[in-house]
*Asks:* 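Handing you a structure now.
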Number of protein chains: 2
Amino acid sequence: MQSSTDGNLLRGTLDFLLLASLEHGPLYGLRIIQDVQQRTGGHFNFKEGTLYPALHRLEKRNLIQGETRPSDTGGPPRKYYHLTPTGQTELTRQREEQRAHARALRPYLELA
Amino acid sequence: MQSSTDGNLLRGTLDFLLLASLEHGPLYGLRIIQDVQQRTGGHFNFKEGTLYPALHRLEKRNLIQGETRPSDTGGPPRKYYHLTPTGQTELTRQREEQRAHARALRPYLELA
DNA sequence: CCGTACTACTTTGCATGACTACATAGTGAG
DNA sequence: CTCACTATGTAGTCATGCAAAGTAGTACGG
């Protein structure tokens, strides 16, 4: 499991997080996990069994594309993923969807 | 399907919406759907096949409790659900969880 | 070389839960 | 009796997050 989130809350957000992580340049798998952890103050920390299937899913949908490169710090080669044009479009769409979701939820979060 | 939301986004939010709907007094199933629709400006509108199993799930966890009452407008009897003390506690917990989720997501929603 | 450690990616199997579609039933009108 | 409307219920399907285990590549100590 992850530290802070119920798995159900990650659903429908994971793909968005991955796409958004690649928005400013290619990253490889394990690096994405660290990236998301940092940017969310440790809130999201999923494991490889969550990450890699998701990446493959996105690649199959042609939203991202992977490219294997040798590691520069020693270690096995890394698979760097970058957004495709379709992926960028989808990211924009999902960002708006996330915003709408947050907006719709707001009345339920205020007050007790 | 629903109009605005991807089903995955509803996951982990549905139970919270239901609990929150009952916070200010008992409601019956179909009425909850209308209630949520209204309070979210039509964003969430799930169907009976989504609602009832969720209600049963919550009742099995003793977070809500149902009570059948005759309809006051004609029609079949209605099952009014109300929060149990445990349910109220759980609602508070989930509300904080939702807030944390929204907070963690914020950096990804800003800017392009 | 060999064993160990670390990094990186992959896969299997499972459990959860939203959705579609359909089923059941109470009530009142005509 | 039949039709329409309301209300609750459920079976089957599908997507997907997760734990756990496996496979490699690289470097280093001996």
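A, B, ... follow the sequence lines: proteins, then strands. Residue 1 opens every chain. Just the heavy atoms: all of them, side chains too, but no hydrogens, waters or symmetry mates, feed the values below. If you're wondering where the values come from, they're calculated on a predicted model, not measured in any experiment.
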*Asks:* So, do His56(B) and Tyr81(B) have ring centers that fall under 6.0 Å from each other?
*Replies:*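 Between His56(B) and Tyr81(B), the centre distance exceeds or equals 6.0 Å.
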*Asks:* Please confirm whether the shortest side-chain N or O distance from Asn8(B) to OP1 or OP2 of dT16(D) is below 4.0 Å.
*Replies:*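 Answer is yes, contact under 4.0 Å.
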*Asks:* Write down the distance between CG (Leu9(A)) and P (dT16(D)), rounded to a whole number of angstrom.
*Replies:*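 So the CG-P distance, Leu9(A) to dT16(D), works out to 16 Å.
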*Asks:* Using a strict heavy-atom distance below 4.0 Å, which residues from residues 51-70 of chain B are in contact with DNA chain D?
*Replies:*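 Contacting residues: Tyr52(B), Pro53(B), His56(B).
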*Asks:* By nearest atom, which of the nucleotides dT6(D), dG17(C), dT10(C) is closest to the Leu30(B) side chain?
*Replies:*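 For Leu30(B), the side-chain atoms sit closest to dT6(D).
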*Asks:* Within the structure shown, what part of the strands sits under 4.0 Å from Gly29(A) by heavy-atom distance: base, sugar-phosphate, or nothing?
*Replies:*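 Here Gly29(A) touches the backbone only, sparing every base.
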*Asks:* Do Glu90(B) and Arg93(B) sit within salt-bridge range, that is, some charged N less than 4.0 Å from a carboxylate O?
*Replies:*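 Arg93(B) and Glu90(B): salt-bridged.
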*Asks:* With a 4.5 Å heavy-atom cut-off, do Tyr108(A) and Arg39(B) have their side chains touching?
*Replies:*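 Tyr108(A) reaches Arg39(B) side chain to side chain.
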*Asks:* Should the pair Arg95(A)-Glu110(B) be classified as a salt bridge under the 4.0 Å nitrogen-to-oxygen rule?
*Replies:*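 Looking at Glu110(B) together with Arg95(A), the answer is no, because their closest N to O distance does not fall below 4.0 Å.
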*Asks:* Contact list please: residues 75-84 of chain B against DNA chain C, heavy atoms, distance less than 4.0 Å, in numerical order.
*Replies:*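 Close to the strand are Gly75(B), Pro76(B), Pro77(B).
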*Asks:* On DNA chain D, nearest-nucleotide positions of Gly74(B) versus Gly12(A): which is more 5'?
*Replies:*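 Residue closer to the 5' terminus by nearest nucleotide: Gly74(B).
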*Asks:* Could you verify whether a donor N or O on one side chain and an acceptor N or O on the other, from Thr84(A) and Arg61(A), lie under 3.5 Å apart?
*Replies:*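 Side chains of Thr84(A) and Arg61(A): no pair found under 3.5 Å.
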*Asks:* To the nearest Å, how far apart are Glu48(B) CD and dT24(C) C1'?
*Replies:*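 Roughly 13 Å, once rounded to whole Å.
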*Asks:* Does a donor on one side chain sit under 3.5 Å from an acceptor on the other, for Arg106(A) and Thr40(B)?
*Replies:*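 No, Thr40(B) and Arg106(A) have no side-chain donor paired with an acceptor closer than 3.5 Å.
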*Asks:* Quick check on dT8(D): is either OP1 or OP2 less than 4.0 Å from any side-chain nitrogen or oxygen of Tyr28(B)?
*Replies:*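 It does not, given that no N or O in the side chain of Tyr28(B) lies less than 4.0 Å from OP1 or OP2 of dT8(D).
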*Asks:* For Arg57(A), which residues count as a salt bridge (Lys or Arg N to Asp or Glu O under 4.0 Å) partner, sequence neighbours excluded?
*Replies:*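 Once residues adjacent in sequence are excluded, the partners of Arg57(A) under the salt bridge (Lys or Arg N to Asp or Glu O under 4.0 Å) criterion are Asp15(A).
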*Asks:* Are side-chain heavy atoms of Lys79(A) and Glu67(A) found at a separation under 4.5 Å?
*Replies:*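 The answer is no, as the side chains (C-beta and beyond) never meet within the 4.5 Å cut-off.
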*Asks:* Specify the residue among Arg11(A) and Ser71(A) whose closest nucleotide of DNA chain C lies further upstream toward the 5′ end.
*Replies:*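 Comparing both residues, the 5'-ward one is Ser71(A).
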